[in-house]
**Student:** 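Okay, handing you the structure first.
First the proteins, then the strands, lettered A, B, ... as listed; each starts at 1.
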2 protein chains.
Amino acid sequence: MELTNVGKVILGSLRATPRSGYEIKQLVDGSTRFFWAASYGQIYPELARLGVQGLVERESAPTGGRRRTVHSLTEAGRRALHDWLVSPEPLTMEVRDEGLLKVFFADTLASDEALAVVRAKRAHHEAVVARLEAVEPYAAAERAGGQAFPPLTLEYGLGLNRWIVAWCADVEERLSAGLPERQPRQERADVPSTR
Amino acid sequence: MELTNVGKVILGSLRATPRSGYEIKQLVDGSTRFFWAASYGQIYPELARLGVQGLVERESAPTGGRRRTVHSLTEAGRRALHDWLVSPEPLTMEVRDEGLLKVFFADTLASDEALAVVRAKRAHHEAVVARLEAVEPYAAAERAGGQAFPPLTLEYGLGLNRWIVAWCADVEERLSAGLPERQPRQERADVPSTR
DNA sequence: GGGCTCATGTAAGTGGTTACATGATTAT
DNA sequence: ATAATCATGTAACCACTTACATGAGCCC
């Protein structure tokens, strides 16, 4: 009975705390989203399947008068999570990086356009860094509360994206140094302004 | 008429050289696979669609007696490629990193198991580094031949994966320093050996 | 002759996103 | 009152992988 991709995040999210599907989604969006995403369309059906397989238990736990179902790991669920975590299977690693693909093909572009491609990639990763920096305080609190690993992955995301920003900056420099401006002396002083 | 994901790699692969579907697949597997993959099941149908859209032209170009169809960009195809490359649309960036997900949940594990998780991730990226180093000479040749950007992305892959390896090594150190071996003084001298 | 690589495709299935439907509760 | 958030789900669709089918030429 192989664990699905979504199954892995779900069991992991329930490792210490029973949660609702909604809360799992919140957690994923707020922390693992950058390296492992999940949508409602996957979470709810998978929670049902994990229930059938006996890996999670559901319990009604309304907040105020609002209906709410929290899920917690069964013993089998805890075992399945552990088995996956220690499994020596090769690790899934998939990337789809449009910015880098553009760089790959940038030799068809004029030098200023190629430069813009790299700048756009840098801007993207600078924005990611900013978003990660914004959640850093929460991670510090978590770390104080004994949870060391989630903050570690935040550190990872920050370091990695900063490395990418630096790489882009370096390439931008090399490009503007190596490739001279095209027609730097193209003033239009000869064309009279129409207004 | 929006360009699909596969469409992007295909048009890019044809930017300078007409190629067969088979050759496109070879190229992708040998270079962009680490950040943008594509399978035959996508490439052939998409080549047909791009033909209908007038973005590529097909020409029979058998090698020896073996049938072969090469595709080249039409003017419209060249324009579509250029439009995509300079488009300011937000860049697709998707990652699915199972190693990091395991690290995220590693607080449920015993300290030696958590250490093993990080080591496994490091091993994975060390293998990637080795594979990329193996193709470095080809990239050097390409660079000499005027194509500067594909080798740049190889550099990127190398640098990034080396950074990850270093991060893992650092975390491993911190883990083995900060978390003492569990029961370091559990010698069984009191239990007489049965043989 | 047998196995490998070149070469082109299709069919079935999987994994995932997006949009929608519904409804209660809380905050402004 | 109404907008935002909490909460649970489903249906349609899209992207992608895997496996298969087919066949020719190449190398030993």
**Student:** Given atom CG of Leu27(A) and atom P of dA7(D), what is their separation to the nearest angstrom?
**Tutor:**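 From Leu27(A) CG to dA7(D) P: 14 Å.
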
**Student:** Report the nucleotide, chosen from dA7(D), dG16(C), dA7(C), that has the shortest atom-to-atom distance to any side-chain atom of Arg66(A).
**Tutor:** dA7(D)

**Student:** It should be established whether Ser20(A) places a side-chain nitrogen or oxygen under 4.0 Å from OP1 or OP2 of nucleotide dT8(D).
**Tutor:**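 Yes, because at least one side-chain N or O of Ser20(A) sits under 4.0 Å from OP1 or OP2 of dT8(D).
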
**Student:** With a 4.0 Å cutoff (strictly under), does any side-chain N or O of Tyr22(A) reach OP1 or OP2 of dC6(D)?
**Tutor:** yes

**Student:** Remember a base hit wins even if backbone is also touched, and classify Thr4(B) as base, sugar-phosphate or nothing at under 4.0 Å, heavy atoms.
**Tutor:**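 It contacts nothing in the nucleic acid.
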
**Student:** Val6(B) side chain: which of dC6(C), dC16(D), dT10(D) is closest?
**Tutor:**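 Nucleotide nearest to Val6(B)'s side chain: dC16(D).
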
**Student:** Please give me the minimum heavy-atom distance between Val9(A) and Ser13(A), naming the atom from each residue.
**Tutor:** O-OG, 2.7 Å

**Student:** CZ of Arg68(A) versus C1' of dT5(D): gap in Å, rounded?
**Tutor:** 14 Å

**Student:** Nearest to the Asn5(B) side chain among dT10(C), dC16(D), dA7(D), which nucleotide is it?
**Tutor:** dC16(D)

**Student:** Between C1' on dC6(C) and CD1 on Ile24(B), what's the gap in Å once rounded to a whole number?
**Tutor:**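 Rounding to the nearest Å, CD1 of Ile24(B) and C1' of dC6(C) are 15 Å apart.
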
**Student:** Starting from P on dG9(D), measure out to CD1 on Ile10(A) and report it in whole angstrom.
**Tutor:** 12 Å

**Student:** Roughly, in whole Å, what's the span from CD in Glu46(A) to P in dT10(D)?
**Tutor:**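 That distance rounds to 13 Å.
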
**Student:** In terms of side-chain heavy atoms of Arg67(A), which of dC6(D), dT8(D), dT17(C) is nearest?
**Tutor:** dT8(D)

**Student:** Nearest-Å distance, CH2 (Trp36(A)) to P (dG16(C))?
**Tutor:**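 Roughly 7 Å, once rounded to whole Å.
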
**Student:** In whole angstrom, what separates Lys25(A)'s NZ from dA7(D)'s P?
**Tutor:** 15 Å

**Student:** Counting only side-chain nitrogens and oxygens, does Thr63(A) get under 4.0 Å of the OP1 or OP2 atom of dT25(C)?
**Tutor:** no

**Student:** Which heavy atom of Leu11(B) sits nearest a heavy atom of Leu81(B), and at what distance?
**Tutor:** O-CD2, 3.8 Å

**Student:** Name the nucleic acid region contacted by Gly64(B), choosing base, sugar-phosphate or nothing; use a 4.0 angstrom heavy-atom cut-off, strictly under.
**Tutor:**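 Result for Gly64(B) = nothing.
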
**Student:** For Phe34(B) versus Leu132(B), what's the shortest heavy-atom pair and its separation?
**Tutor:**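 Looking at all heavy atoms of both residues, the closest pair is CE1-CD2, 3.5 Å.
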
**Student:** Atom CD of Glu2(B) to atom C1' of dC14(D): distance rounded to whole Å?
**Tutor:**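 In whole Å, dC14(D) C1' and Glu2(B) CD are 15 Å from each other.
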
**Student:** Is the phosphate of dC16(D) approached by Arg96(A) (side-chain N or O, under 4.0 Å from OP1 or OP2)?
**Tutor:** yes

**Student:** Do Arg122(A) and Glu126(A) sit within salt-bridge range, that is, some charged N less than 4.0 Å from a carboxylate O?
**Tutor:** yes

**Student:** Hey, which of these two, Pro45(B) or Gln42(A), hits DNA chain C nearer its 5' end, going by closest nucleotide?
**Tutor:**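 On the 5' side of the pair lies Pro45(B).
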
**Student:** Nearest to the side chain of Ala37(A), heavy atoms from C-beta on, is which of dT17(C), dT10(D), dC16(D)?
**Tutor:** dT17(C)

**Student:** Would you name the heavy atoms of Tyr44(B) and Tyr22(B) that are closest together and state the gap between them?
**Tutor:** OH-N, 3.2 Å

**Student:** Keeping the roles fixed (side chain from Asn161(B), backbone from Gly157(B)), state whether a donor-acceptor pair exists under 3.5 Å.
**Tutor:** yes

**Student:** Tyr40(B) side chain: which of dG16(C), dT8(C), dT17(D) is closest?
**Tutor:**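 It is dT8(C).
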
